[in-house]
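Take a look at the structure below.
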Amino acid sequence: MCGRYLLYSSTDVLARAFGLDPTDRPNLAPRYNIAPTQDVPIVRLGEGRRRLDRARWGLVPSWAKDLAIGTKMINARSETAHEKPAFRQAFRARRCLVPADGFFEWTSENKVKQPWLLEPAAGGPIAFAGLFEHWRSPEGESVQSCTILTTDASADIQHLHHRMPVILAEASFDRWLEATVDEARPLLCPAPVGTLRARQVDRRVNAVKYDDPSLIEPAPVQASLL
DNA sequence: CCAGACGTTGTT
DNA sequence: GTCTGG
DNA sequence: CCAGACGTTGTT
DNA sequence: GTCTGG
């Protein structure tokens with residue numbers, strides 16, 4: 001699945017990779033530990049162009065009574081999202097790309113949770129397939145939110161998990177953003193073997209309060225082994 | 001009919 | 001809002 | 001996803 | 001054990 005990710009590419013790099021309007025250059029702080037409920041950049045169609053927008057990670061359906069439901073909607077199964085009450089309207093009309101430079105998965109041994117970084121072997125950034133939704137609170141507060149679609153893990157990362165985020169190739173962006181449901185669904189499949197490489201990273205990643213480049217520097221040799 | 005869920009993952 | 005379960 | 005809270009009353 | 005917050 002995908003419950004924590006990174007996005008540190010510059011706005012210029014994102015603009016080139018995602019074909020954004022040249023005037024669309026918001027300042028983005030580099031992020032090394034993005035967690036659910038936080039605001040993240042998404043790429044969506046607006047006025048015929050691909051625009052960077054912001055959305056709270058964890059989709060809040062339009063009928064929700066409060067924001068809390070979003071914490072349960074950080075991922076959507078790509079096999080069923082088009083028919084689920086929480087996601088199907090977004091699947092029909094509000095698909096997006098979620099830019100990333102990698103994501104984290106965890107292994108657990110003797111109750112020690114060890115994070116791994118999965119990053120694009122060819123260099124980033126990459127595009128997760130996403131959905132977004134608009135919600136208005138009883139008090140009139142307006143919130144845009146999003147979710148990341150998941151699929152079976154490709155062979156190269158199955159030793160870490162059996163699900164992974166859907167990663168779209170650039171050639172698929174237009175179809176994902178614009179095509180019909182039936183045309184878009186076949187795009188939701190595991191990334192080709194070799195797309196990602198995995199390496200252990202600092203366990204500080206577990207705590208969302210840490211968010212800096214040192215989190216993904218190569219792990220130091222364990223002193224206890226010397 | 002009304003009430004309550006609406007989700008994913010992993011583990012048992 | 002819409003579906004499921006009782 | 002993981003970490004941290006999980007509660008009330010009264011007082012500052 | 002389960003929920004909430006980030």
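Each chain gets a letter, A, B and so on, in the order its sequence line appears, and its residues count up from 1.
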To the nearest Å, how far apart are [X] [atom1] and [N] [atom2]?
X: A/Glu133; N: B/dG7; atom1: CD; atom2: P; answer: 13 Å
X: A/Ile148; N: B/dT9; atom1: CD1; atom2: P; answer: 12 Å
X: A/Arg136; N: C/dG1; atom1: CZ; atom2: P; answer: 15 Å
X: A/Lys84; N: C/dG1; atom1: NZ; atom2: C1'; answer: 17 Å
X: A/Arg77; N: B/dT9; atom1: CZ; atom2: C1'; answer: 9 Å
X: A/Lys65; N: B/dG7; atom1: NZ; atom2: P; answer: 14 Å
X: A/Lys113; N: B/dT11; atom1: NZ; atom2: C1'; answer: 13 Å
X: A/Arg163; N: B/dG7; atom1: CZ; atom2: C1'; answer: 13 Å

Which is true for [X] with a 4.0 Å heavy-atom rule: it touches a base, it touches only sugar-phosphate, or it touches nothing?
X: A/Ser62; result: nothing
X: A/Trp63; result: base
X: A/Phe103; result: nothing
X: A/Arg204; result: nothing

Could A/Arg50 and A/Phe18 be counted as a cation-pi pair, given that NZ or CZ must be under 6.0 Å from the ring centre and within 45° of the axis?
no

Could you write out each protein N or O paired with an N or O of nucleotides 1-3 of chain B at a distance under 3.5 Å?
none

Would you give the length of the straight line joining atom [atom1] of [X] to atom [atom2] of [Y], rounded to the nearest 0.5 angstrom?
X: A/Cys2; Y: A/Phe103; atom1: SG; atom2: CZ; result: 6.0 Å
X: A/Asp152; Y: A/Arg77; atom1: CG; atom2: CZ; result: 7.5 Å
X: A/Leu131; Y: A/Lys84; atom1: CG; atom2: NZ; result: 14.0 Å
X: A/Ile167; Y: A/Leu187; atom1: CD1; atom2: CG; result: 14.0 Å

With sequence neighbours left out, write down each residue that passes ring-ring contact (aromatic ring centres under 6.0 Å, His included) with A/Tyr5, or none if nothing qualifies.
A/Trp57, A/Phe128

Show every donor-acceptor pair shorter than 3.5 Å between a side-chain atom in residues 63-73 of chain A and any protein atom, with sequence neighbours excluded, or say none if there are none.
unit_1  : atom_1 : unit_2  : atom_2 : d
A/Asp66 : OD1    : A/Ala68 : N      : 2.8
A/Thr71 : OG1    : A/Ala68 : O      : 3.0

Taking the [atom1] atom in each of [N] and [M], what is the distance between them to the nearest angstrom?
N: E/dG6; M: B/dA5; atom1: P; answer: 24 Å
N: D/dT8; M: E/dT4; atom1: P; answer: 14 Å
N: E/dG5; M: B/dA3; atom1: P; answer: 27 Å
N: B/dC1; M: D/dG10; atom1: C1'; answer: 47 Å
N: B/dG7; M: E/dG1; atom1: P; answer: 26 Å

Which one, B/dC6, B/dG10, B/dT9, comes nearest to the side chain of A/His161?
B/dG10

Under a plain distance cut-off of 3.5 Å, with no hydrogens placed, do [Y] and [X] share a side-chain donor-acceptor pair?
X: A/Ser142; Y: A/His134; result: yes
X: A/Asp182; Y: A/Thr180; result: no
X: A/Ser214; Y: A/Arg204; result: yes
X: A/Trp135; Y: A/Ser145; result: no

Ring geometry between A/Tyr32 and A/Tyr8 (parallel below 30°, tilted from 30 to 60°, perpendicular above 60°)
parallel

Runs of at least three Watson-Crick or G-U pairs with DNA chain D, cut-off 3.5 Å
D:1-6 with E:1-6

Enumerate the protein-to-nucleotides 2-6 of chain E contacts in which both atoms are nitrogen or oxygen and the separation is below 3.5 Å.
unit_1 : atom_1 : unit_2  : atom_2 : d
E/dG6  : N7     : A/Pro36 : O      : 3.1
E/dG6  : N7     : A/Thr37 : OG1    : 3.0

Looking at A/Thr147, I'd like to know whether one of its side-chain N or O atoms comes within less than 4.0 Å of OP1 or OP2 on B/dG7.
no

So, using side-chain hydrogen bond (donor to acceptor under 3.5 Å, both in side chains) as the criterion, who are the partners of A/Glu79 when residues are at least two apart?
A/Arg163

